[in-house]
Amino acid sequence: MLTTSDWRARFDRLSDAGAYAERIGRHTQIADYLDDPDYGWYVHHGDLVVPEDLDHDVALIVDGDLVVHGFVDDYVSRIGLLVVLGDLVVRDLVSWGSVYVGGDLRAEGMVCGHYNDFVFEVAGAVHGRALVLSDKSSSYGTGELEAEIDSYDPTREQLRAAREILVPQLYDGGAKRAREGRPPKLGRPSYRRICRRLHAGKPLFRTAD
């Protein structure tokens, strides 16, 4: 796993990220974070390609597209903030910190956002197998998704659609119920269980029977 801070020599340090807040728009929630100098923002000019899983542990603006050949987790070493002005392409994304994408977010599998001190914003559309939000201030367009769980008021239909494609081990008590031949209780999958399985290299989605 690569740690973003290991690549700091490739980035420029910003004394003031306010110009990017103006560029993105003051109506966005991420603008408040860009205006805060305590985060110590960096910028990468142009597209950025990461060849493996990413422990994202800094405040970074990518002025272009970001492609990660693996998963992104922004709460491993420390909380990271990520602003991508183009498209974000990943295998999976789990976010405790803030994520802003100016284009589309395209994931092969899971997009998961959790915790209300930070934000999840995609100006374009989110594409993937599952989008799971929990207690997260969010704004995004819905693209091609097999399952989508709203941050604060998911419907039973949303919860059922996610339960049909996710492995039971992502749910509290789900593994025990699976051994008993029962599905997980209807509810949200666990953010922490999603993270643990990603880091262990275990699947998040059921395989076809």
Side-chain angles (χ1 to χ4, degrees), residues 1-114 118-131 133 136-145 198:
M1 171 176 273
L2 177 72
T3 301
T4 308
S5 57
D6 290 340
W7 275 14
R8 275 183 292 201
R10 301 178 181 219
F11 311 143
D12 293 329
R13 187 68 179 265
L14 292 173
S15 58
D16 181 5
Y20 285 94
E22 292 290 344
R23 182 173 165 186
I24 290 170
R26 290 290 174 185
H27 63 284
T28 61
Q29 298 177 80
I30 198 64
D32 291 337
Y33 297 85
L34 288 164
D35 283 332
D36 190 338
D38 290 340
Y39 286 116
W41 285 93
Y42 292 87
V43 62
H44 180 275
H45 298 284
D47 297 342
L48 180 62
V49 178
V50 179
E52 58 186 292
D53 298 332
L54 182 63
D55 164 12
H56 181 61
D57 63 337
V58 302
L60 177 65
I61 301 165
V62 178
D63 196 347
D65 296 337
L66 173 60
V67 178
V68 181
H69 294 288
F71 69 81
V72 178
D73 187 343
D74 63 12
Y75 192 26
V76 182
S77 302
R78 60 190 295 269
I79 298 174
L81 287 78
L82 180 62
V83 171
V84 179
L85 299 185
D87 292 339
L88 172 58
V89 181
V90 298
R91 193 189 75 208
D92 303 280
L93 169 68
V94 287
S95 177
W96 180 282
S98 284
V99 172
Y100 173 88
V101 181
D104 288 341
L105 195 169
R106 297 184 178 276
E108 293 179 21
M110 172 70 72
V111 177
C112 177
H114 179 71
F118 298 96
V119 300
F120 175 83
E121 291 182 278
V122 180
V126 179
H127 304 272
R129 293 202 65 189
L131 171 62
L133 299 174
K136 190 83 169 182
S137 181
S138 59
S139 173
Y140 59 92
T142 300
E144 296 180 9
L145 294 167
L198 274 178

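Because the structure is a prediction, the values reported are computed rather than measured. Along the sequence shown, residues carry numbers from 1.
Atom OG1 in Thr28 sits 6.0 Å away from atom OH in Tyr100 (nearest 0.5 Å). Taken to the nearest 0.5 Å, the CG atom of Asp87 stands 5.0 Å off from the CG atom of Asp65. Atoms CZ and CG, from Arg106 and Leu88 in turn, are 11.0 Å apart once rounded to the nearest 0.5 Å. Atom OH of Tyr75 is separated from atom CG of Asp55 by 12.0 Å, given to the nearest 0.5 angstrom. To the nearest 0.5 Å, atom CG of residue Leu48 and atom CG of residue Leu54 are 8.5 Å apart. Separation of atoms CZ (Arg8) and CG (Asp57) is listed at 7.0 Å; rounding is to 0.5 Å.
Side-chain contact between Ile24 and Leu85 is present, with heavy atoms from C-beta onward closer than 4.5 Å. Looking at heavy atoms from C-beta onward, Ile79 lies in side-chain contact with Phe118 at the 4.5 angstrom threshold. In this structure the side chain of Ile61 reaches within 4.5 angstrom of the side chain of Leu34, judged on heavy atoms. In this structure, Leu131 and Phe120 have side chains that are in contact, with non-hydrogen atoms separated by less than 4.5 Å.
With hydrogens and angles ignored, the 3.5 Å screen pairs a side-chain donor or acceptor of Asp74 with a backbone N or O of Gly97. Using modelled atom types, no side-chain atom of Asp47 and backbone atom of Gly64 make a donor-acceptor pair closer than 3.5 Å. Between the Lys136 side chain and the Ser98 main chain, no donor and acceptor come within less than 3.5 Å of each other. Judged purely by atom type and a 3.5 angstrom limit, Asp92 uses its side chain to pair as donor or acceptor with the backbone of Met110. Without hydrogens or angle criteria, Trp41 side chain to Gly18 main chain gives no donor-acceptor distance under 3.5 Å.
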Q.
Would Tyr20 and Leu14 count as a side chain to side chain contact (heavy atoms under 4.5 Å, CB included) here? Give the steps.
A. CA-CA 10 Å; Tyr20 285 94; Leu14 292 173; 3.9 Å; yes
Q) Checking side chain to side chain contact (heavy atoms under 4.5 Å, CB included) for the pair Val84/Leu82: CA distance, chi angles, key distance, verdict? A) CA-CA 6 Å; Val84 179; Leu82 180 62; 3.8 Å; yes
Q: In sequence, state the C-alpha distance, the side-chain angles, and the governing distance for Arg91 and Asp53, and then conclude on side chain to side chain contact (heavy atoms under 4.5 Å, CB included).
A: CA-CA 9 Å; Arg91 193 189 75 208; Asp53 298 332; 4.0 Å; yes
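Looking at every heavy atom in both residues, Ala31 comes nearest to Gly25 through CB-O, 3.8 Å. Contact record, Arg78 with Val58: NH1-CA, 4.0 Å, taken as the closest heavy-atom pair. Taking each heavy atom of Pro51 and Val49 in turn, the nearest pair found is CD-O, 4.0 Å. In this structure, Gly102 and Ala123 approach most closely via the heavy-atom pair O-CB, 3.4 Å. Between Glu144 and His127, the closest heavy-atom pair is N-ND1, 3.0 Å.
The one candidate from Asp73, Thr4, Thr3 that meets the side-chain hydrogen bond (donor to acceptor under 3.5 Å, both in side chains) condition with His56 is Thr4. When the options Val72, Leu133, Leu105 are evaluated for a side chain to side chain contact (heavy atoms under 4.5 Å, CB included) with Val111, the one that passes is Leu105.
Around the CD atom of Glu52, the shell of radius 6.0 Å holds more than 12 heavy atoms that belong to other residues, nucleotides or ligands.
Between His44 and Phe11, the ring planes are perpendicular. Angles over 60° get that label, and only those under 30° would be called parallel.
A donor-acceptor pair shorter than 3.5 Å can be found between the side chains of Gln29 and Ser137.
Using a cutoff of 4.0 Å between basic side-chain nitrogens and carboxylate oxygens, Asp35 and Arg26 are scored as salt-bridged.
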